[in-house]
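Let me begin by presenting the structure, written as structure tokens, before commenting on it.
Chain letters run A, B, ... following the sequence lines, proteins first, then strands; residues in each count from 1. Below, each value reflects all heavy atoms present in this structure, side chains not excepted, and no hydrogens, waters or symmetry copies.
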There are 2 protein chains.
Amino acid sequence: MATSLPPLTALRAFDAAARHMSFAKAAEELNVTPAALSFQIKSLEEHLGAPLFRRLNRAVELTDAGHALAPDAKAAFEMLTNGWRAAQRMQDHQSLTVTAGPAFTAKWLAPRLFQFAHEHPEIELRFSATLRAMDFARDDIDVAIRFGYGPDPGLYSLPLAEEWVTPVMLPEMAERYPTPESLREAVLIIDDSVAFLDPPADWEAWSEAMGIAPLVPTGPRFSQADHALDAVLAGTGVALGRRALVIKDLAEGRLVAPYGKVLSTGARFRFLCPEGAETRLQIEAFKNWMLREIDKTAHIAESFEMLERPIKK
Amino acid sequence: MATSLPPLTALRAFDAAARHMSFAKAAEELNVTPAALSFQIKSLEEHLGAPLFRRLNRAVELTDAGHALAPDAKAAFEMLTNGWRAAQRMQDHQSLTVTAGPAFTAKWLAPRLFQFAHEHPEIELRFSATLRAMDFARDDIDVAIRFGYGPDPGLYSLPLAEEWVTPVMLPEMAERYPTPESLREAVLIIDDSVAFLDPPADWEAWSEAMGIAPLVPTGPRFSQADHALDAVLAGTGVALGRRALVIKDLAEGRLVAPYGKVLSTGARFRFLCPEGAETRLQIEAFKNWMLREIDKTAHIAESFEMLERPIKK
DNA sequence: ACCTTCAGTTAAGTTATACTTAATCGAACA
DNA sequence: TGTTCGATTAAGTATAACTTAACTGAAGGT
């Protein structure tokens with residue numbers, strides 16, 4: 001059986017026709033006349049030796065052979081489009097699109113952005129603050145920052161600093177709650193965005209690691225960490241803050257972490273991009289800038305003591 | 001950014017060149033002159049606005065853009081080839097290639113084959129007795145018979161009769177082992193091909209379901225069920241036989257299942273083919289024939305009593 | 001029943017693409 | 001130093017792809 005491929009333009013015509021289930025619409029998509037498309041399909045059917053469409057009154061439907069071919073054709077042309085877009089994006093060293101969760105965007109990226117823009121005025125930055133699964137090719141994404149455990153198969157993945165949590169509050173609150181025990185009097189804010197962690201990194205886990213009776217949070221709940229931290233900044237209460245999200249506020253005195261003891265989450269933010277793309281100029285620049293920015297606050301992180309997790313029975 | 005695809009023949013030329021890492025070999029593969037191929041690559045690079053290959057002394061290597069495009073191009077053209085082959089195979093109603101495991105091939109298909117050939121002399125049958133993962137398009141497989149739990153995503157999947165196991169032996173042995181307890185004196189053959197089942201369907205599980213002390217098999221082990229059953233037929237001992245593999249020997253008196261109690265495995269043989277292919281003439285004929293053949297021995301299977309699995313603590 | 005519209009087809013002619021041949025280039029290898 | 005190998009270029013040709021324009025046949029409206 002001769003397995004060599006038929007003319008590719010005919011296959012593309014078939015793909016469009018099968019997707020639209022209409023020759024006319026397919027012709028429109030490909031910017032050709034219906035006549036040309038009809039001819040292409042006919043030629044493809046001649047190559048195959050069997051019809052691919054059944055011509056009905058004023059519609060077409062796929063034959064068995066057509067059904068066998070259509071899904072693969074669709075997927076194949078989508079893949080070609082994706083690859084082509086990726087290749088096109090490769091030569092663009094001017095723009096950089098980054099996607100990150102809302103918390104990281106608000107608490108890490110946003111406060112430092114002007115710094116990056118200053119260092120690399122030639123790079124046009126775009127942001128997409130969403131947590132939904134990313135498709136680098138489809139959504140024109142260059143870099144993704146994601147929090148969790150990994151691994152990240154098929155991607156270039158650079159784990160950033162390890163994330164821990166520790167109670168953070170306004171400086172003026174610190175004297176009111178001089179000890180961890182005194183937090184029983186405080187409004188303890190709940191950040192549900194870390195609820196997926198296993199082992200957990202919530203108030204109960206932190207107090208257990210501190211060796212005190214469990215702190216039971218009674219304050220408001222937030223589904224996004226940045227909202228929880230905004231509540232802290234507004235003086236509402238005390239929250240468990242993740243390293244990346246609070247370190248700048250700690251460095252600049254807007255928040256304090258008075259107990260000096262932090263609980264590891266095991267999870268990290270990772271810098272993700274398509275494999276091979278990590279060498280593109282603007283991506284490498286962004287990556288190095290992030291690492292330098294993290295380094296700037298490393299001394300603060302190192303001043304904290306990492307708590308041991310008690311062994312669970 | 002104009003995302004429309006470049007000329008497809010150029011993309012195919014690029015794919016071949018990227019796979020061979022040589023324009024000359026790519027040209028050979030596509031049955032064109034090196035000049036034509038060189039021109040195609042050049043035109044593709046013009047469309048992209050950047051080189052895809054770096055021309056070295058007497059070799060070529062991919063640029064970043066080329067690296068971004070090559071894997072997708074390769075996968076896409078493989079997919080098109082697969083789809084095209086599937087469409088070609090659709091119109092072939094004469095031949096039928098079936099793959100099944102060695103046990104099913106030896107103990108179910110082989111003894112019944114002449115029957116199918118008799119009913120459908122026009123269909124040319126081919127067999128491939130292997131358990132390795134099948135690729136319908138790549139290996140020209142039409143139908144696969146597989147044992148296990150499913151599901152079978154993306155395939156037409158028809159579960160056949162439920163598989164149970166029960167001790168089988170030569171008729172003349174049955175009087176020597178009149179009760180399940182008496183099997184302690186017998187050579188109990190081990191069939192490792194069902195070791196993957198969960199819950200298990202081995203001697204221990206069967207005796208437990210029978211409510212007797214565990215039977216500990218001491219006989220030979222076989223990795224394939226047909227070899228275990230051949231050992232039974234040779235008078236070596238007693239084995240736990242799967243329904244599909246022993247029912248014909250039971251029906252024709254070569255083996256007996258004297259205790260009349262069978263243990264369900266929860267797993268089944270399934271009739272698998274690419275979605276949509278189940279309506280092809282020869283595939284439907286084969287499917288219906290299998291169902292009829294199974295029906296012929298259904299009365300025997302129904303004469304057995306299904307054991308309850310004891311609830312595990 | 002009539003005309004109109006719509007979706008696809010067919011035929012003829014044109015344009016653009018893909019290909020070949022043949023000559024050229026440059027580096028590696030003997 | 002000449003030879004060979006792999007890629008390139010130029011010129012010319014074949015053919016694939018497309019357009020225009022006329023046609024078919026069924027649906028739908030009045």
Side-chain angles (χ1 to χ4, degrees), chain A residues 2 4-63 65-67 69-70 73 77 80 84, chain B residues 2 4-63 65-67 69-70 73 77 80 84:
Chain A
S4 65
L5 282 174
L8 293 168
T9 45
L11 275 177
R12 188 178 38 176
F14 168 78
D15 171 50
R19 278 184 290 105
H20 293 294
M21 286 311 278
S22 152
F23 288 12
K25 283 183 190 151
E28 197 185 343
E29 176 185 311
L30 300 175
N31 294 311
V32 297
T33 56
L37 202 123
S38 173
F39 182 81
Q40 291 290 358
I41 300 282
K42 197 180 154 198
S43 112
L44 195 62
E45 289 173 328
E46 258 165 38
H47 270 268
L48 183 62
L52 288 160
F53 286 98
R54 214 167 292 120
R55 276 74 164 176
L56 301 180
N57 313 339
R58 47 199 312 162
V60 288
E61 68 178 25
L62 288 166
T63 62
H67 268 117
L69 180 56
F77 283 109
L80 282 179
W84 186 245
Chain B
S4 65
L5 281 174
L8 293 169
T9 44
L11 274 177
R12 189 178 37 175
F14 168 79
D15 172 51
R19 279 185 288 104
H20 293 296
M21 288 310 280
S22 153
F23 289 12
K25 283 183 191 151
E28 197 184 343
E29 176 185 312
L30 300 176
N31 295 312
V32 297
T33 55
L37 202 124
S38 174
F39 181 80
Q40 291 291 359
I41 301 282
K42 197 181 156 197
S43 112
L44 195 62
E45 288 174 329
E46 259 165 38
H47 270 268
L48 182 63
L52 289 160
F53 286 98
R54 215 167 291 120
R55 277 74 165 176
L56 301 180
N57 314 338
R58 47 200 313 163
V60 289
E61 68 178 26
L62 289 166
T63 62
H67 268 118
L69 179 56
F77 284 109
L80 281 180
W84 186 245

B:Ala24 near the nucleic acid: base, sugar-phosphate alone, or nothing, with a heavy-atom cut-off under 4.0 Å?
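Sugar-phosphate, no base atom in range.
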Describe the nucleic acid contact of A:Ser43 in one word from base, sugar-phosphate, nothing, applying a heavy-atom distance below 4.0 Å.
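Contact class for A:Ser43: none.
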From [atom1] of [X] over to [atom2] of [N], roughly how many Å is that when rounded to an integer?
X       : N      : atom1 : atom2 : result
B:Leu44 : C:dT17 : CG    : C1'   : 15 Å
A:Phe53 : C:dA7  : CZ    : P     : 15 Å
A:His47 : D:dA16 : NE2   : P     : 8 Å
B:Glu28 : D:dG6  : CD    : P     : 10 Å
A:Arg12 : D:dA16 : CZ    : C1'   : 13 Å
B:Glu61 : D:dG6  : CD    : C1'   : 15 Å
A:Ile41 : C:dT10 : CD1   : P     : 13 Å
A:Phe39 : D:dT15 : CZ    : C1'   : 11 Å

Is there a side-chain polar atom (N or O) of [X] under 4.0 Å from OP1 or OP2 of [N]?
X       : N      : value
A:Ser38 : C:dG8  : no
A:Gln40 : D:dA16 : no
A:Lys42 : C:dT10 : yes
A:Thr33 : D:dT19 : yes
A:Thr9  : D:dA17 : yes
B:Arg55 : D:dG6  : no

Between B:Glu61 and B:Arg54 (side chain of the first, backbone of the second, donor and acceptor by atom type, cut-off under 3.5 Å), is there such a pair?
no
Residue pair B:Leu8, B:Phe77: steps toward the side chain to side chain contact (heavy atoms under 4.5 Å, CB included) verdict:
CA-CA 10 Å; B:Leu8 293 169; B:Phe77 284 109; 5.7 Å; no
Can you tell which of C:dT21, D:dA7, D:dC18 lies closest to the side chain of A:Val32?
D:dC18
Do the ring planes of B:Phe53 and B:Phe23 sit parallel (below 30°), tilted (30 to 60°) or perpendicular (above 60°)?
perpendicular
Which is it for A:Trp84 and B:Leu44 under the side chain to side chain contact (heavy atoms under 4.5 Å, CB included) test, yes or no, and what are the steps along the way?
CA-CA 10 Å; A:Trp84 186 245; B:Leu44 195 62; 3.8 Å; yes
Could you go through the side chain to side chain contact (heavy atoms under 4.5 Å, CB included) check for B:Leu37 and B:Ile41 one step at a time?
CA-CA 6 Å; B:Leu37 202 124; B:Ile41 301 282; 3.9 Å; yes
Residue met sooner reading DNA chain D from 5', once A:Ala35 and A:Leu8 are mapped to nucleotides
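Result: A:Leu8.
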